[in-house]
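Values below: all heavy atoms of this structure, side chains included; hydrogens, waters and symmetry mates excluded. Just so it is clear: chains get the letters A, B, ... in the order the sequence lines come, proteins before strands, and each one is counted from 1. Here the structure is a predicted model, which means the values were calculated and not measured.
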2 protein chains.
Amino acid sequence: MNAVFKALSDPTRRRVLELLRDRPMTAGDLADHFPVSKPTMSAHFAVLREADLVDVQKIGKAVIYRLKLSVLEDALLGFVGAFNVGAAPRPAPPESALPFAIKTPPFAIKKGAT
Amino acid sequence: MNAVFKALSDPTRRRVLELLRDRPMTAGDLADHFPVSKPTMSAHFAVLREADLVDVQKIGKAVIYRLKLSVLEDALLGFVGAFNVGAAPRPAPPESALPFAIKTPPFAIKKGAT
DNA sequence: ACATCAATTAGATGTTTAGCTAAACGTCAT
DNA sequence: ATGACGTTTAGCTAAACATCTAATTGATGT
């Protein structure tokens, strides 16, 4: 799961996943969408493979990549799901619930200093 | 939004956010949860601030961090929402819809070679 | 057998990142 | 003034990352 977030930390890799969202694509077709060399793209693919975010299928000379949507789902929703996402936003937690006192700073009370 | 994913790529920072999920905490209290030096923690906080994932409030000598849940939501759900998450999984796209031909490899047909 | 094409590997380079210590700095509280 | 809290800076190391060019592998086609 750490690997997934690592993989998602690069914009190029995120866009690869978005391209793969629509359809499986070959390595070459994917590479055509980015202004970097093929070996560089290959390295990005390796990171995505490492994170188990894509499936690979070799057909003839081509290598076809497929998005593993469930892995992306599990990682992202699993993380964000630990937060109370979607729950009603707590308007303003009563400061009595805070683990520290929000002491009104004394300087705000120095009323004697006119 | 790139900054958010960058911030999330480090396990320490993800756990800071998880700690902040429950309650606002001071820098010191947060730092107590991790076996790293204060300057290192301060750098992590700076990355989280940079990504706008936390709010900072100085009260007296303490610095209180609060999770900005909406920013986390917008980034993560915004990204994962671009995928058809939650939609019925497309069982198996007909290969006629693929942008490339899945040519049955000739070597699979070499039936003459008995 | 040989040339060709697709993709990865190998090796090199430069940048970024996470971490440390030590010191300095600002703000506040006492 | 002194101490506490947190941040910042400087200076450093080590590891990871992104990128390149060049070489290699593997399958196809002739």
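Under the rule for a salt bridge (charged side-chain N to carboxylate O under 4.0 Å, His left out), A:Asp32 has no partner lying at least two apart in sequence or in another chain. Not counting sequence neighbours, the partners of A:Lys68 by the side chain to side chain contact (heavy atoms under 4.5 Å, CB included) test are A:Asp52, A:Asp55, A:Val71.
The CG-P distance, from A:Asn2 to D:dA16, rounds to 12 Å in whole Å. Counting to the nearest Å, the P atom of D:dT7 and the CD atom of B:Gln57 are 14 Å from each other. Regarding A:Lys58, its NZ atom lies at a distance of 18 Å from the P atom of C:dC5, rounded to whole Å. Here D:dC17 presents its P atom at 10 Å from CD of A:Glu50, a figure rounded to the nearest Å. Distance, A:Lys61 NZ to D:dG29 C1': 7 Å, rounded to whole Å. In this structure, B:Asp32 atom CG and D:dA4 atom C1' are separated by 14 Å, rounded to whole Å. The separation between B:Ile59 atom CD1 and D:dA4 atom C1' is 17 Å, rounded to whole Å. Atom P of nucleotide C:dC5 and atom CG of A:Asp29 are separated by 16 Å, given to the nearest angstrom.
Between B:Phe45 and A:Ala43, the residue whose closest nucleotide on DNA chain D is further toward the 5' end is B:Phe45.
Residue pairs that meet the salt bridge (Lys or Arg N to Asp or Glu O under 4.0 Å) test with at least one member in residues 8-19 of chain A, sequence neighbours left out, do not exist here. A ring-ring contact (aromatic ring centres under 6.0 Å, His included) check over residues 7-48 of chain B, counting only residues at least two apart or in different chains, returns the pairs B:Phe45-B:Tyr65.
Counting only distance, with no hydrogens or angles, the side chain of A:Arg21 and the backbone of B:Ala82 share a donor-acceptor pair below 3.5 Å.
Side-chain nitrogen and oxygen atoms of A:Tyr65 include none within less than 4.0 Å of the OP1 or OP2 phosphate oxygen of C:dA7.
Within 4.0 Å of B:Phe34, counting heavy atoms only, lies no atom of the nucleic acid at all.
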What are the atom names and distances for every N/O pair under 3.5 Å that joins the protein to nucleotides 18-22 of chain C?
unit_1, atom_1, unit_2, atom_2, d
C:dA18, OP1, B:Arg13, NH1, 3.3
C:dA18, OP1, B:Arg13, NH2, 2.8
C:dG19, OP2, B:His44, NE2, 2.3
C:dC20, OP1, B:Ser37, N, 3.3
C:dC20, OP2, B:Ser37, N, 2.8
C:dC20, OP2, B:Ser37, OG, 2.8
C:dC20, OP2, B:Thr40, OG1, 2.5

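With a 4.5 Å cut-off on side-chain heavy atoms, A:Leu67 and A:Leu19 do not count as touching.
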Exercise answer: donor-acceptor pairs, residues 36-43 of chain B side-chain atoms, under 3.5 Å, sequence neighbours excluded:
unit_1, atom_1, unit_2, atom_2, d
B:Ser37, OG, B:Thr40, N, 3.4
B:Ser37, OG, B:Thr40, OG1, 3.0

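Distance from the side chain of A:Arg49 is smallest to C:dT8 among D:dG6, C:dA6, C:dT8.
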